[in-house]
Amino acid sequence: MPTFKIASWNVNSLRVRLPHLLSWLQEVEPDVVALQETKLPDADFPSMEIVNAGYTPLFSGQKTYNGVALLIKQKNAHDHENIITAFPTLEDIQRRVLAVTVNGIRIVNLYIPNGEALLSEKYQYKLNWLSSLDSFLKAERDHHPNYIILGDFNIAPTEMDVHDPKEWEGQVLCSEPEREAFRTMLATGFTDCFRQLNPQEKSYSWWDYRMNSFKRNRGLRIDHILASTSLASQCVKCYIDKTLRTLERPSDHAPVVAEFAIGVDKNNTI
DNA sequence: ATGGTCGGGCTCCGA
């Protein structure tokens, strides 16, 4: 039975993290990787290094902020189509969305806005953005039975995803409207792969650079891989790779990896 | 104790 391995990582500058990424690709060999916060314009994307590592890159970037990319292992890359870099219902100069269909699996890479604080304008932007995402997913879902949404959601879905729920109660990343938006995604027909396979595990994907947060494991689980219900039932493994957070000059996020055992079905092979 | 540390790119913004 063929397996399909997909990963999501907020690199917080692809320029700085490229050496980490290249050695990690060689070690883990995912079929598809979703990157967020590449922080570089498309003209500066390190395409040659990615191609030499065995991947075909797709990217939607901008100077300084945001930026998303998808790396597709070359053996799968011949069959990709229907690339989208924005929601039809949202005018937005920020590069936060990149969707593509690879061998019949719809893959949507998201860098959901951070929101800064509940009283900030950026929080309203986040909620509005989440509303456009909801419309997009509802419009697409029925056309793609095999569907994966992954990325930096900037939402810790439940108390189990927070090192200190009291300290974070009502704060941005943990507020009720954000969690409501996350539950709406699940209700639209998606499953949180990590939580499905590790129902009790307190693991995090992000630790603030400040205050020795990683050493003290003061983290949040805000990076996610969601799969459509039928696909999620074929998910055999999902984990957060904390080793990258221990390297010199790490990203503040660790990658999330999911593995699927795809049934032998001619309409559903990879 | 209301801080702190990164990255980008320019003396401050965003996370």
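By convention in this document, chain letters (A, B, ...) are assigned in the order of the sequence lines, proteins followed by strands, and residues within each chain are numbered from 1.
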Between B/dG7 and B/dT2, how far is it from one P atom to the other, in whole Å? 26 Å

Test side-chain hydrogen bond (donor to acceptor under 3.5 Å, both in side chains) applied to A/N12 and A/K39, step by step: CA-CA 7 Å; A/N12 186 18; A/K39 293 188 174 181; 2.9 Å; yes

CG of A/D44 versus C1' of B/dG7: gap in Å, rounded? 15 Å

Round to a whole Å and report the spacing from OH of A/Y65 to C1' of B/dA15. 10 Å

So what does A/F214 touch, heavy atoms closer than 4.0 Å: a base, only the sugar-phosphate, or nothing? nothing

P atom, B/dC6 versus B/dT11: distance in rounded Å? 22 Å

With a cut-off of less than 4.0 Å, is there a side-chain N or O of A/R210 near OP1 or OP2 of B/dA15? no

Say you pick atom C1' in B/dA1 and the same atom in B/dC12; how far apart are they, in whole Å? 25 Å

A/Y123 OH to B/dG14 P: how many Å, rounded? 19 Å

Between the side chains of A/E178 and A/K126, is the shortest nitrogen-to-carboxylate-oxygen separation below 4.0 Å, so that they form an ion pair? yes

When we call it a touch if two heavy atoms are under 4.0 Å apart, what does A/R218 touch: a base, just sugar-phosphate, or nothing? nothing

Return no unless some side-chain N or O of A/K63 is found under 4.0 Å from OP1 or OP2 of B/dG9. no

Charged tip of A/R221 within 45° of A/Y204 ring normal and under 6.0 Å: no

Whole-angstrom distance between B/dG14 and B/dG9, as gauged at atom C1': 13 Å

So what does A/D252 touch, heavy atoms closer than 4.0 Å: a base, only the sugar-phosphate, or nothing? nothing

How close or far is atom P of B/dG7 from atom CG of A/L40, stated in whole angstroms? 14 Å

Parallel, tilted or perpendicular: ring planes of A/W9 versus A/H20, cut at 30 and 60 degrees: parallel

Taking the same atom, P, in B/dT5 and in B/dC10, what whole-Å distance lies between them? 24 Å

